[in-house]
Amino acid sequence: MNIDEVELKAKKLEYFISESINYTSAVMHSYKRKALAFRVASLMFGGAATVLLGLSAGEATKQLFVNIAFVLTALVTILNSLESFLSNRSLWVAHENAVASFNNLYDSLRFYLEGKHAESIELSRLEHYFNDYENIWNALNETWQKERRSSRVRSLEQKRSVES
């Protein structure tokens, strides 16, 4: 392999890692926003239901508060079931780990390439970095698939418990 090809591979790998950092960061933030939205909504509805049940009022108003609290607790149940099914929190954490791994790999590659002339770049080192890059993606994909499978199992278990 000639020097230009090795240099091109080094630049391409640097680009791949950089784009992977950008992409997984964006996806991570999306999962984070969703996970936090579910959690905050659940806490707000649960807190509001608790307050409504604790308020002192006349009989007609008390019944209205109980009915509203019942609706709010049903919403909390739905939100918690959806949160479990969608796995936003665990996918947020998985993407956060991938971003950290991609950043470490990028820094390591940049450190290796810094100040090197094209003829001193070792193809075997680049291949090692590329294998690490693929391993990060493979680990993230395995986590995603595991979460999708386990969310289906959780969903079926919840359905069975409702039916019984």
Side-chain angles (χ1 to χ4, degrees), residues 11-113 128-164:
K11 287 181 181 178
K12 194 66 142 176
L13 181 57
E14 188 175 354
Y15 172 78
F16 285 167
I17 297 169
S18 176
E19 286 300 305
S20 296
I21 291 168
N22 294 335
Y23 175 77
T24 53
S25 291
V27 173
M28 175 193 71
H29 289 297
S30 174
Y31 282 125
K32 180 180 180 180
R33 279 191 304 276
K34 291 173 189 172
L36 291 175
F38 273 98
R39 184 59 50 139
V40 168
S42 181
L43 288 171
M44 296 294 288
F45 290 153
T50 303
V51 168
L52 286 172
L53 291 172
L55 291 177
S56 297
E59 194 57 39
T61 307
K62 182 79 170 167
Q63 188 58 45
L64 175 65
F65 288 167
V66 168
N67 289 340
I68 293 171
F70 179 73
V71 169
L72 291 173
T73 56
L75 287 172
V76 168
T77 301
I78 291 168
L79 285 173
N80 289 338
S81 294
L82 274 174
E83 182 182 30
S84 174
F85 178 74
L86 297 174
S87 306
N88 288 318
R89 183 168 172 27
S90 57
L91 291 171
W92 158 28
V93 170
H95 280 76
E96 193 169 47
N97 289 336
V99 169
S101 296
F102 282 131
N103 276 315
N104 288 339
L105 182 60
Y106 184 80
D107 290 345
S108 181
L109 177 64
R110 288 299 310 139
F111 184 80
Y112 171 69
L113 295 174
H128 176 75
Y129 286 119
F130 186 75
N131 286 337
D132 289 349
Y133 166 79
E134 285 185 321
N135 288 337
I136 295 167
W137 272 118
N138 289 338
L140 183 57
N141 287 334
E142 285 175 24
T143 301
W144 188 88
Q145 289 174 1
K146 179 180 141 204
E147 286 302 320
R148 294 294 95 192
R149 280 191 298 271
S150 66
S151 70
R152 278 190 236 131
V153 169
R154 286 189 301 263
S155 177
L156 290 173
E157 288 171 354
Q158 289 171 349
K159 183 179 178 186
R160 286 186 195 126
S161 71
V162 168
E163 290 172 351
S164 58

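Every value quoted in this text rests on a predicted model; they were computed, and no experiment measured them.
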What closest approach, in Å, do [X] and [Y] show between heavy atoms, and which atom pair accounts for it?
X: Leu79; Y: Ala41; value: CD1-CB, 3.7 Å
X: Leu53; Y: Lys62; value: O-NZ, 3.1 Å
X: Leu52; Y: Ala69; value: CD1-N, 4.1 Å
X: Val99; Y: Ile21; value: CG2-O, 4.4 Å
X: Glu14; Y: Leu113; value: OE1-CD1, 4.3 Å
X: Leu72; Y: Ala48; value: CD1-CB, 3.7 Å

Determine the interplanar angle of the His95 and Tyr31 rings, folded into 0 to 90°, and report it as parallel if under 30°, tilted if 30 to 60°, perpendicular if over 60°.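 Judged by the thresholds at 30° and 60°, the geometry between His95 and Tyr31 is tilted.
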
Name of the residue among Tyr129, Phe130, Tyr106 meeting side chain to side chain contact (heavy atoms under 4.5 Å, CB included) with Ile17: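 Among the candidates, only Tyr106 passes.
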
Could you measure the distance from the [atom1] atom of [X] to the [atom2] atom of [Y]? Nearest 0.5 Å is fine.
X: Ser90; Y: Lys146; atom1: OG; atom2: NZ; value: 8.0 Å
X: Leu140; Y: Ser101; atom1: CG; atom2: OG; value: 9.5 Å
X: Asn103; Y: Ser25; atom1: CG; atom2: OG; value: 6.5 Å
X: Leu64; Y: Glu59; atom1: CG; atom2: CD; value: 12.0 Å
X: Ser20; Y: Glu134; atom1: OG; atom2: CD; value: 10.5 Å
X: His29; Y: Thr24; atom1: NE2; atom2: OG1; value: 9.5 Å

Would you check if Phe102 and Phe16 make a side-chain contact, meaning some heavy-atom pair closer than 4.5 Å?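 Phe102 vs Phe16: side chains apart.
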
Flag side-chain contact, heavy atom, 4.5 Å: Arg148 against Leu91: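 Arg148 vs Leu91: side chains touch.
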
Any donor and acceptor pair, going by atom type alone, linking the side chain of [X] with main-chain N or O of [Y] inside 3.5 Å?
X: Thr50; Y: Gly46; result: yes
X: Thr143; Y: Ala139; result: yes
X: Thr77; Y: Thr73; result: yes

Are there over 12 heavy-atom neighbours, none belonging to Trp137, within less than 6.0 Å of that residue's CH2?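 Above 12, so yes.
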
Between the side chains of Glu142 and Asn138, is a donor N or O closer than 3.5 angstrom to an acceptor N or O?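 No, no side-chain donor-acceptor pair sits under 3.5 Å.
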
Can you tell me which residue pairs pass the ring pair (Phe, Tyr, Trp, His ring centres under 6.0 Å) test with a partner in residues 32-80, sequence neighbours excluded?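 Residue pairs passing ring pair (Phe, Tyr, Trp, His ring centres under 6.0 Å), neighbours aside: none found.
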
Which pairs pass salt bridge (Lys or Arg N to Asp or Glu O under 4.0 Å) with one or both residues in residues 29-41, sequence neighbours excluded?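 For residues 29-41, and leaving out neighbouring residues, the salt bridge (Lys or Arg N to Asp or Glu O under 4.0 Å) pairs sorted by first residue read Arg39-Glu83.
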
